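All chains are named by letter (A, B, ...) in the order of the sequence lines, taking the proteins before the strands, and each is independently numbered beginning at 1. Computed from a prediction, not measured in an experiment: that's the story for all the values here. What's counted below: heavy atoms across the whole structure, side chains too, no hydrogens, waters or symmetry copies.
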Protein chains: 4
Amino acid sequence: MPEKNQTPAQEPAAESTPRRRQARGERRIAQLLEAAAAVFCSTGYTAASTNAIAREAGVSPGTLYQFFPNKEAIAIELGDRLMHEMRETYGEALAPVDAATPLAEAVGSAVDRFIAFNCRHPVFFALMHGPDIPGRIAEEHDALHATLLLRIETLLTSLLPGTPPADVARTAHVCLGVYKSGLELVLAHQGAEREAYVQELKNVLVRYLEPLAAARTA
Amino acid sequence: MPEKNQTPAQEPAAESTPRRRQARGERRIAQLLEAAAAVFCSTGYTAASTNAIAREAGVSPGTLYQFFPNKEAIAIELGDRLMHEMRETYGEALAPVDAATPLAEAVGSAVDRFIAFNCRHPVFFALMHGPDIPGRIAEEHDALHATLLLRIETLLTSLLPGTPPADVARTAHVCLGVYKSGLELVLAHQGAEREAYVQELKNVLVRYLEPLAAARTA
Amino acid sequence: MPEKNQTPAQEPAAESTPRRRQARGERRIAQLLEAAAAVFCSTGYTAASTNAIAREAGVSPGTLYQFFPNKEAIAIELGDRLMHEMRETYGEALAPVDAATPLAEAVGSAVDRFIAFNCRHPVFFALMHGPDIPGRIAEEHDALHATLLLRIETLLTSLLPGTPPADVARTAHVCLGVYKSGLELVLAHQGAEREAYVQELKNVLVRYLEPLAAARTA
Amino acid sequence: MPEKNQTPAQEPAAESTPRRRQARGERRIAQLLEAAAAVFCSTGYTAASTNAIAREAGVSPGTLYQFFPNKEAIAIELGDRLMHEMRETYGEALAPVDAATPLAEAVGSAVDRFIAFNCRHPVFFALMHGPDIPGRIAEEHDALHATLLLRIETLLTSLLPGTPPADVARTAHVCLGVYKSGLELVLAHQGAEREAYVQELKNVLVRYLEPLAAARTA
DNA sequence: GATGAATGAGGATTCATTCAT
DNA sequence: TATGAATGAATCCTCATTCAT
């Protein structure tokens, strides 16, 4: 977008050609990422094949490799874009919480927004859904994981001021784990049952955090 | 070759052969399952190859398929045996809880035993660590999952009498999810930090269940 | 061959089955190596594809990989067998030269035997024909190269006693280089012209070594 | 972009454009050949990819194909230019030898110049380093080979007057082969060892040719 | 039962080359 | 001219599974 505003009327033809080429590339990348998202969702990241992604995108395998060096890079770029959109939509921190906001409300709205985001981007869960090998987190999902943790830590720091950083980190890990497992349940259900699971997820988190937050008001 | 030289002429062949064959079969199965456990642990279920399992067991691929029709069957049998051992060790229900046992104690001991079991059988986590495809639970892990749920439901029913079954089921799903994510964190750490995560896991569960349990005493 | 002489008549059936299996494997390996030799000859080592080798051998690609981990291993095994046959046919050293043998005769017979061997095994040249990248010798050809050098050094040591090892090594390298280039020319021609090139190759080597050998008689 | 701003309005477009285009084309070709040389040197001809050459030259693959129909053509043109420079630097024949020049001197200076040329143009060796397929000389290297042979034949004709052309041709082939293998050894070493190999190369050639040259003086 | 050879489709990735812009 | 996107066959290699022995 920054390049659009320079010399708007002087060199119309000389520049449109490379611009169009670039635009085509951008479109292809978007198209490939979309296809990758679909494939990741339906088969999982591990089982997804680059050929399947290319096929889904309606291009040849070679085209995919013109834009991404390997499968991992696709996952990483997809994760980056998701995190970017999340930041754009919901701001830098998970939620700007001031001391007056009740915990239940803060957590509730964070969960609602997280879940809404996931429903809009089902891949998110597939990418977040981490390690094939217990205890090890694959690189592809690492950045996503780290970013989410950071967001949660930021929220927790504002909710639980004065807590030692190590404890905040641990609590953030726990919350993320709880959230991931809750999300799995939410996505596995529909309608009223889904709503019930959303409520349960909020309950778990709020009840877990309440005693910790109580320290600050005390 | 060691088994060839034992009792060469004493037993009537017609009787000893099938019995011995059966015994040998059992040994082979145990050997294969052990190998499968090792491979699942080090590479994850999806990436585990049947050839690798056979190699680890010191037998040929053909032998593996004499006892298991496919990879999935191995995981299922492994899960069955784990659940069997769990039942044998800890009894039919997760814990025989009477009304007098404080919730924290009941949950604490259940978590401790669960974790102890996992440390004794690291595959457990690999098998439990479910779906490659978000929202869908793979068949291999299905039985395991169902059994665990049942155990948790049994415990919850005794903890929360009078709760509608649908709510108990939902709560059990949530608890299992929380437990799985907590276990992941526990296994990813060592020493004091691991202990801290164990405590947090207990906290999450106790605080989540407390208000529900309160209803019964009231 | 060593296993054939044990218990020749006691257990005829119990042992023939695994033996046959092994024999099948050996035959496959031989067949694959033969196919590889043909492909290496017609397309060169670098351009040879494992699929082409498998096709030439009339087996599936998977079968090839049951016996060889990769293309390089095929070349190495092929080289090993060639060196083995060379040793079996011509003895450990290139030629057992005593001081009385005239240089021309020693070199002539060594060249003749080398060339005869190459005509019997055209791959030999393809494998010997070294580095794609000047100055670097690929691992596949390394062992072959080293063995040939050793043989030449042994011959030279007997021809040129008292020469410093470093000089012998250098001379051996030169002789091998000359031989390789001469062989290329020999193989590229037929009939009388080929014979003429054989003679020239001998001339080059004899004239090169004569002054060095003169030192010993003096 | 630097070429866009020179002489923007002075020359009539109809005339300057084709001339400038030609000049630009020449520069492009030189640039591509330089890049190809670098890639051939570092990976060898066979393994060199046209994409890599284009990348090294800083142009797109399409541009490369605007000037060369395929990879082979690049090698051929590169070889042509090398031979051209060789002719420009060292004259039409390898060396203008008169009867008075001692053989050792003539050969020594020819070898020295050849080697110097190779050190200035490392691709030369990569291109000369002929056939992937033993016995067959690839088209790419054919012209190079033929030109070198011609030069050597010319030299030999002056050194060995009265020798039948077929013998001269054969001798030239042998000399070229010896030179190529010697060059490989020279390039593979450094410092004093390299010098020693240069000397050995000269020895081989001189001793090989001496008896042939002796005939003329006799 | 046990073996290990055999399969062949499918995995990721590369590359010479073409083509619309 | 120049670009870079597009191709698709070919590369090496793996793996669940079968089958003759």
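Base contact: C/N51 has a heavy atom under 4.0 Å from a base atom. Contact annotation for C/A48: backbone-only contact, meaning every heavy-atom pair under 4.0 Å involves sugar-phosphate atoms and none involves a base. If you check every strand for non-hydrogen atoms under 4.0 Å, C/S49 touches sugar and phosphate atoms only. Counting any heavy atom pair closer than 4.0 Å across all strands shown, B/F67 reaches sugar-phosphate atoms only and no base atom. Nucleic acid contact class of D/T63 (heavy atoms, under 4.0 Å, all strands): base. Heavy atoms of D/A47 sit nowhere under 4.0 angstrom from any nucleic acid atom.
For the pair D/R28 and F/dA2, the criterion of a side-chain N or O lying under 4.0 Å from OP1 or OP2 is met. Within the 4.0 Å cut-off from OP1 or OP2 of E/dG4, not a single side-chain nitrogen or oxygen of B/S60 is found. OP1 and OP2 of F/dC15 both lie 4.0 Å or more from every side-chain N or O belonging to B/T50. The side chain of A/Y65 contributes an N or O atom lying less than 4.0 Å from OP1 or OP2 of E/dT13.
Among the nucleotides E/dA16, F/dA6, E/dT7, the one closest to any side-chain atom of D/K71 is E/dA16. Listed nucleotides: E/dA9, E/dA5, F/dT3. Nearest to the side chain of D/Q66: F/dT3.
Nucleotide F/dC12 holds its P atom 15 Å from the CZ atom of C/F68, rounded to whole Å. What separates CZ of D/R55 from P of F/dG4 is a distance of 13 Å, to the nearest Å.
With C1' as the reference atom, E/dG1 and F/dT21 are 13 Å apart, rounded to whole Å.
When all heavy atoms of B/L32 and B/A57 are compared, the pair lying nearest together is CD2-CB, 3.8 Å.
Here A/K71 does not pair with A/E77 in a salt bridge; the nearest charged N to carboxylate O distance is not below 4.0 Å. A salt bridge links B/E26 with B/R81; the closest basic N to acidic carboxylate O contact falls under 4.0 Å.
In this structure, the side chain of C/T63 does not engage the main chain of C/V59 through any donor-acceptor pair within 3.5 Å.
With a 3.5 Å ceiling on both atom-pair distances, the Watson-Crick or G-U wobble partner of F/dA10 is E/dT13. With both pairing distances under 3.5 Å, E/dA20 is matched to F/dT3 as a Watson-Crick or G-U wobble pair.
In B/Q31, the CD atom is crowded: over 12 heavy atoms of neighbouring residues, nucleotides or ligands sit closer than 6.0 Å.
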